[in-house]
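These figures come from a predicted structure and were not determined experimentally.
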Amino acid sequence: MKLNERSLAFYATCDSPADSAGFLYKRGERHAAYHRRWFVLKGNMLFYFEERESREPVGVIVLEGCTVELCDSREEFAFAIRFGGAKSRTYVLAAESHAAMEAWVKALSRASFDYMRLVVRELEQQLARAQWSSNAERAPERQPERVLEREPERAPEREPERMLEQEREQEREPERRAPRENGCAVWNIVPDTDPLPRSAVLRRASGCEAEAGPRPPPVPPRCRVSSGEPTGSAAEASAFSRLHERYGSEVARLRREWLERRQGQRP
């Protein structure tokens, strides 16, 4: 990059923000007297003007290959900018307060590109360490996901048990569909089996085959005994006998009608 006085003057007075600015006392190169100058720091260039309103800088110091350190001087709050080499010039400056001196020393020490290169390298190392630690923390969290992915493979082992339960349900299904009257099966409707003979149905209805047939209907509730009627167990047995005969005749009639309808439907 080629620089000249005009380009440096434009850069020093343009509207770009300055890193630091303020009055400092600068010791002369030939005489030991100090002169108050307005200093402006932009990047790695330190411009100084005779006054704050000056349109052109008096000089510029390129802050590369230098060190900023405190020095002994008759002026209080003095510090020096030293360059390497036998014939290099040393700039001695002095601030108006101790806080201003510390601020200027810190700003000037961080202005060079060498310092910025070191900062960038350190930030890259910190980023690499942060990424490595983040990946190390996430690694144990992925192990449960692998276990969850393998669990569905065990599902086929339960398939035979489920099929066996379905077969048992199908076997119990005809028993659930069998019609009942008063809690007792009336006739057989299981597929691929012959219906019960009429005599067997009549015997079951009359209670002759109590062991093989269904349970008899429940005993009706007792009625209040009036005068002139039998009392005790005789009255209960008589009422139960009449009720049993009526249910038996009703079942036989329904069975007969069903057989007649079934025979009439056959070709």
- Query: What do the steps show when you test Phe83 against Ile61 for side chain to side chain contact (heavy atoms under 4.5 Å, CB included), and what is the final call?
  - Reply: CA-CA 11 Å; Phe83 292 88; Ile61 304 173; 3.9 Å; yes

- Give the intermediate values and the outcome of side chain to side chain contact (heavy atoms under 4.5 Å, CB included) for residues Arg27 and Arg74. CA-CA 11 Å; Arg27 191 178 68 177; Arg74 64 182 182 87; over 6 Å; no

- Apply the test side chain to side chain contact (heavy atoms under 4.5 Å, CB included) to residues Trp104 and Val68: give CA-CA distance (whole Å), side-chain angles for both, the deciding distance (0.1 Å), then the verdict. CA-CA 10 Å; Trp104 274 108; Val68 182; over 6 Å; no

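The distance from the CG atom of Asn44 to the OH atom of Tyr115 is 14.5 Å, given to the nearest 0.5 Å. Here CD of Glu56 is found 13.0 Å from CZ of Phe10. Values are rounded to the nearest 0.5 Å. Interatomic distance, Trp38 CH2 to Glu51 CD, rounded to the nearest 0.5 Å: 11.0 Å. Interatomic distance, Leu70 CG to Glu102 CD, rounded to the nearest 0.5 Å: 8.5 Å. Put simply, OH on Tyr25 and CZ on Arg37 are 11.5 Å apart, with the number rounded to the nearest 0.5 Å. With rounding to the nearest 0.5 angstrom, the CD atom of Glu64 is 7.5 Å from the SG atom of Cys66.
Contact detail for Met116 and Arg110: the closest heavy-atom pair is SD-O, 4.2 Å. Taking every heavy atom of both residues into account, Gly28 and Arg89 meet most closely at C-NH2, 4.4 Å. The minimum heavy-atom distance between Arg82 and Cys71, with the atom names listed, is NH2-CB, 4.2 Å. Between Phe79 and Val105, the closest heavy-atom pair is CG-CG2, 3.8 Å. When every heavy atom of Tyr91 is checked against every heavy atom of Lys26, the shortest pair comes out as CD2-CE, 4.2 Å. Nearest heavy atoms, Leu8 versus Phe47: O-CE2, 3.8 Å.
Phe23 and Tyr34 are members of different hydrophobic clusters when ILVMFWY side chains are connected at heavy-atom separations under 4.5 Å. Criterion: ILVMFWY side-chain heavy atoms under 4.5 Å apart, direct or through other members. Under it, Tyr48 and Leu46 are part of a common hydrophobic cluster. Note: the hydrophobic cluster containing Tyr11 also contains Val60 (ILVMFWY, side chain heavy atoms under 4.5 Å, direct or indirect links). Met101 and Val40 are not part of a single hydrophobic cluster, where members link through side-chain heavy atoms under 4.5 Å apart. Note on Leu118 and Leu108: separate hydrophobic clusters, where clusters join Ile, Leu, Val, Met, Phe, Trp and Tyr whose side-chain heavy atoms are under 4.5 Å apart, directly or indirectly.
Around atom CZ of Arg6, no more than 12 heavy atoms belonging to other residues, nucleotides or ligands sit under 6.0 Å away.
Of the residues Val92, Thr67, Leu93, the one that meets the side chain to side chain contact (heavy atoms under 4.5 Å, CB included) test with Ile81 is Leu93.
The backbone N or O of Arg246 lies less than 3.5 Å from a partner atom in the side chain of Ser249, making a donor-acceptor pair.
A salt bridge links Arg253 with Glu250: the distance from a Lys NZ or Arg NE/NH1/NH2 to an Asp or Glu carboxylate oxygen falls below 4.0 Å.
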